[in-house]
Asks: 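First the structure, which I've put down as structure tokens, then a few questions once you've had a look.
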Amino acid sequence: GKPGSYRLRVSKNGIRLTASTPEGIFNGVQTLLQLIPMGRNGLFKTRGPFKLPCVEITDEPRFEWRGMHLDVCRHFFDKQFIKKYIDYLAMHKMNVFHWHLTEDQGWRIEIKKYPELTRVGAWRNGSMVGPYNDHNTDTVLYGGYYSQKDIREIVKYASARHITIVPEVEMPGHSLAALASYPELSCTGGPFDVAKEWGVFDDVYCAGNDKTFEFLQGVLDEVCDLFPGKYIHIGGDECPKTRWKTCEKCQKRIKETNLKDEHELQSYFIQRIEKYLNAKGKQIIGWDEILEGGLAPNAAVMSWRGTERGIAAAKAKHFVVMTPGSHCYFDHYQGNPEYEPHAIGGFTPLEKVYAYDPVPAELNVEEASYIMGAQGNVWTEYINFPKEVEYMALPRMCALAEVLWTYPQNKNGAGFVERLNQHLDGPISILCNYSRTHQLVNFILSPASEGVDVTVYTLDSTRTIFAHANTISPNGLLHTDTTIFKAKKTGTMHMVKKPMVLNAYSEKRNEKGLIQNRSKHTSIELYVSKSTSKNITFTTDPDPKYKGNGSFTLVDAVRGSKRRQNHQWLAWQGKDVEMTIDLEKKQKLKEIKVGSYQDESNWIYRAQDIALLISKNGKDYTKINTLSKHGGNGGPYRESYQFKFHSKKARYIKIIAQNPGTIPEGKPGAGNPSWLFFDEIEVY
Ligand code: ACM
Ligand code: ZN
């Protein structure tokens, strides 16, 4: 069998676990532990005997690289937590821990030859607090590092659990902490501070200075000595070429080595390091930028900016680990941002992780054999404490573990959630602050002849859902609750009333009817109006990147959130927008509200002028008014355009919005066409 495979037989006569490797035995024990029936509060039923189910399991992993990553640089996590994190991997039969040890914001590994790395580079004079765009930093000294003794202890701990640690030493970019310690390794000579803000910085190792390579080789000598695994991760991502373009030494190197440009200089950099490490019997792996300017001959690639570069590398017969942002970044939101702690962005819910297949359809069987597996990444800009790491990593790690172990034909989403809940009620519930986001109630809206239909569901279909609606009275107060829905499964409600708030939660009871746990409430505000579920046509279709739920998005009775969630908005770049709503019959109209969005850091500007026209026959239109809001600034916020007029009869409504044009100088994305976002056209 494959490394890690095992056979487990539980029968009346006893338990028999066999494997051809110690790793296989270890995996079999993890399975056996999962078979032990759990008491309340995640404790084993240790008082008195318990029964194991009789099973015969022949099991093997689908992939050899079943990884989790942790960034200990943006925030530092001590030795105790690293061991706990390794326990989580082991429990899920994962076998690679990618330890992101160096960054702009901190150097976290003791290097005896270069003591300044931890004396200076492990500490910063403050950290960003709050969302990136606020650019707030505190002034609290922050840092920490692992001594070589700590590292040896952790490597041993991981090894006992059949987990290989892949250390990452970032180069040529994300290296400010090293440059703050040894500024002579930069193009300009510095001085530098260890970064306080998150982001990508222009100052990187000088590729023209042989001292840079001497230094990195010295660092890598000690790293290789500490980590017995085959792979060393050399980073390679997000390296601006700004300094290299004007650095005499770098330009001299380009000339003397007959390189075409700075991308080839990065390639030279990585290849020189690869040669050094290969000679020491190690292989390099790097982020997918290492493809630019020519891939080092033996390098493995970690595909993070989508899967395309992983596909290209596999076709070129390089080993690949898949870790696309869309499915494997566990620093992204796992649920509706309204109910989640602030995260870096994105949307990667549990079911999306579970549905992931690391082998892209574009690869044939031979090429697919270069996909070693996949990995979940936990970047910690917005994750300060161990509890928060746990919350972001689990249960998405559980889903990824199954993706990496189980062959696709044996995967089953509903079965997974049921087993997951059992698992989460087990010992892990006393160890770990995992997220219960998948137990929250979700809402799906669909068109109905009058109003909208709202389907409520949780990923865990064994939970009871409670939902109730409150109508919003004209003075904004809520009327009394009406419980309108209670079911042990997904259900659909028909909404025809005026503005209302729909609240829902789910709960789980045990056999005795006692509440085991209850989810937090989730809610949506529904603005059912004359336009709800009616047909809309556009003269120019929305951009495919922001097509929401089709044109229904604009008339689904839900206003786009000011914390922008892309599925709620339709967007156009650099174009005026003209849309026509057919109300199906002539009716009296007196108020129309159009929602637009403003967020200059994401190149989104509210509409400049919006014209409203109405028609009885769809041919002859009467203009009602044009609303102008020039000079959108800042953001993010939702901007509502409200047309109020004396009651008029019409069947068709036409809205013509002017794009704000090219982004002005001094703003993010200056010179590019701006984006125009719309959500919800309400007609009263
Ligand atoms: C990365 O997320 N910069 C690899
Ligand atoms: Zn240079």
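For ligands, and for the atoms within them, numbers begin at 1 and follow the listed sequence. By convention here, the first residue in the shown sequence is residue 1.
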Asks: Within the 4.0 Å heavy-atom shell around Glu238, which atoms of ligand 1 are there?
Replies: 3 (N)
Asks: Would Trp304 count as being in polar contact with ligand 1, using the rule that some N or O on each side must be under 3.5 angstrom apart?
Replies: no
Asks: Hey, are Asn278 and Asn298 close enough side-chain-wise for a donor-acceptor pair under 3.5 Å?
Replies: yes
Asks: Between the side chains of Glu262 and Gln251, is a donor N or O closer than 3.5 angstrom to an acceptor N or O?
Replies: yes
Asks: For Trp379, counting its heavy atoms only, list the atoms of ligand 1 lying under 4.0 Å from any of them.
Replies: 1 (C), 2 (O), 4 (C)
Asks: Between Lys83 and Glu153 (side chain of the first, backbone of the second, donor and acceptor by atom type, cut-off under 3.5 Å), is there such a pair?
Replies: no
Asks: Is the shortest side-chain N to carboxylate O distance from Lys245 to Asp202 below 4.0 Å?
Replies: no
Asks: Is there a polar contact, in the sense of an N or O pair closer than 3.5 Å, between Trp287 and ligand 1?
Replies: no
Asks: Check ligand 1 against Tyr329 and write out every atom of the ligand that is under 4.0 Å from a heavy-atom position of the residue.
Replies: 1 (C), 2 (O), 4 (C)
Asks: Quick check on the 6.0 Å ring-centre criterion: do Trp379 and His100 meet it?
Replies: yes
Asks: Under 4.0 Å between a side-chain nitrogen and a carboxylate oxygen: does that hold for Lys211 and Glu184?
Replies: no
Asks: Hey, what's the angle at the Zn ion (ligand 2) spanning SG (Cys250) and SG (Cys247), nearest 10 degrees?
Replies: 110°
Asks: Which residue supplies the protein heavy atom nearest to atom 3 (N) of ligand 1, what is that atom called, and how far is it?
Replies: Asp237 OD2, 2.6 Å
